[in-house]
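Worksheet: the structure to be examined is printed underneath.
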2 protein chains.
Amino acid sequence: MLRLTQSEENYLKAIFTLSQDTEGAISTNELAEKMLTKASSVTDMLKKLCEKELLEYQKYQGCALTNEGKSHALAIIRKHRLWETFLVDKLSFGWDEVHEIAEQLEHIQSTELTDRLDEFLGFPKVDPHGEPIPGKDGRIESVSNRILLSESVVGMRAIIMGVEDDQTEFLQYLNKIGLHLGTQIDILDKLNFDGSIIVMINDKQVQFSITIAKQISIKPL
Amino acid sequence: MLRLTQSEENYLKAIFTLSQDTEGAISTNELAEKMLTKASSVTDMLKKLCEKELLEYQKYQGCALTNEGKSHALAIIRKHRLWETFLVDKLSFGWDEVHEIAEQLEHIQSTELTDRLDEFLGFPKVDPHGEPIPGKDGRIESVSNRILLSESVVGMRAIIMGVEDDQTEFLQYLNKIGLHLGTQIDILDKLNFDGSIIVMINDKQVQFSITIAKQISIKPL
DNA sequence: TTGAATTTTTAGACTAGTCTAAAAATTGTT
DNA sequence: AACAATTTTTAGACTAGTCTAAAAATTCAA
Ligand SMILES: [Mn+2]
Ligand SMILES: [Mn+2]
Ligand SMILES: [Mn+2]
Ligand SMILES: [Mn+2]
């Protein structure tokens, strides 16, 4: 079994995540930005991960994970999301407080631990941000009939199913306006000129910019 | 707040532990053996930790933790023992399976997490090996009327309270002979020439070498 | 109390991960 | 197609942690 450093694992995870919404290879700069580091550091790491056959990489052509690399990334994401669930469900942390801690816990090496944690939590399907939790086998069950709030239409009634961004400030903002997983909303209006969406949450009107609306996923009722 | 690397934390913990049963300073070689590393590496690390005022160190004179260093060490030991308790009490691991995992978990940085875990576990006083768990304030409650099995006298009846060694093979051996925390034993005999102790455990006779007897702590009834 | 054995430190090297600055390759634009 | 802008890689340096081999200090024992 190939043993990876924390840094290597963080790169794999970042590449996997970026690949989710990008066609083709991931560029060095894109990855540098995501990793909050410099392109030259990324190049060095890509060479190393390519050497270990976790990704394919050719000079100036960006990179793409191999199956091996993908399954490593999924194992880390599985751990991250299980630990976040543990922190919220068992230790009563808020959904805005768990990401940084899970960022460390995801690197604990023990498949046995991960699988027992999964069982202890009752095999949860999604984490506290509504993100699906990969199974033991690395498979992600597709989450059903979700759309982004940005794609909603006026008059729709819907349930909040997830957030695409788990940054503390964003989640704290959502807390402040009373928006949680499972919250019911009504789409009241959309402004043509900037795409803003006006929503009713617990009898209060809230206006979301298109940027925010793209970070929230809902299930129409 | 001073941020330490995993390696620095492991050194502090080792120095603390060695200091428990050694008078005066800890020597470079002693520490090298404990850390499974070379004396030259230890010297480098001692310089660094001295620089950070976590220990006092003078060339050729060994080292001793400062109060700052001690409280860091205690915080790591607290985490280690709480996580071991979590693994055994909540995830049903055996006491022989948890040390390696806790060796990693003890480095997770979040006082909030540690304190909530403590609460979730019901503020346990001892870990699965009978070792006391330091409190939030770093204080260790002294464990009452314990002696080592090696110091027992023939005819005594006692309860197993702890083990001084948490190596997997040792604990597995204890499992095999049916010795756990809380097990009741009778001291049947002591052999003068090698110090072996013959003990009755669950109606079976078992003979312990003096080496083993020094690793087991008991409470006489 | 002096020489030998042991312990400890230093010197120099290596790996992992990062950085800055400069060079090279690619991309885009006229 | 040529040149400019942008992206990416390389070269060289730095820190942390480790190692081996050699030098220095301490300890031990005759
Ligand atoms: Mn997260
Ligand atoms: Mn991480
Ligand atoms: Mn342990
Ligand atoms: Mn450790």
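Naming convention: chains lettered A, B, ... in sequence-line order (proteins, then strands); numbering from 1 in each chain.
Residue B:Lys47 has a polar side-chain atom (N or O) positioned under 4.0 Å from OP1 or OP2 of C:dT10. The phosphate of C:dC19 has OP1 or OP2 within less than 4.0 Å of a side-chain N or O from A:Ser41. For the OP1/OP2 pair of D:dT9 and a distance below 4.0 Å, the side-chain nitrogens and oxygens of A:Ser40 include no atom meeting the criterion.
Interatomic distance, CD1 of B:Ile197 versus OG of B:Ser150, reported as 6.0 Å (0.5 Å rounding).
Evaluation of the side-chain hydrogen bond (donor to acceptor under 3.5 Å, both in side chains) rule for A:His129 yields A:Glu84 as partners, not counting sequence neighbours. Judged as a salt bridge (Lys or Arg N to Asp or Glu O under 4.0 Å), and not counting sequence neighbours, B:Glu30 has no contacts. Every residue meeting the side-chain hydrogen bond (donor to acceptor under 3.5 Å, both in side chains) condition with B:Asp115, not counting sequence neighbours, appears here in chain and number order: B:Arg78. Not counting sequence neighbours, the partners of B:Thr211 by the side-chain contact (heavy atoms from CB on, under 4.5 Å) test are B:Ser209. Evaluation of the side-chain hydrogen bond (donor to acceptor under 3.5 Å, both in side chains) rule for B:Ser196 yields B:Asp194 as partners, not counting sequence neighbours. In this structure, the side-chain hydrogen bond (donor to acceptor under 3.5 Å, both in side chains) partners of A:Glu106, at least two apart in sequence or on a different chain, are A:Lys13, A:His80.
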- Query: Tell me, for nucleotides 1-8 of chain D in 5' to 3' order, what letter each nucleotide earns: B for a base near a protein heavy atom under 4.0 Å, S for only sugar-phosphate near one, - for neither?
  - Reply: ------SB

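For residues 50-66 of chain A, the side chain to side chain donor-acceptor pair (under 3.5 Å) pairs, not counting sequence neighbours, are A:Glu8-A:Lys52.
Of all the residues in residues 7-18 of chain B, not one reaches under 4.0 Å from DNA chain C with any non-hydrogen atom.
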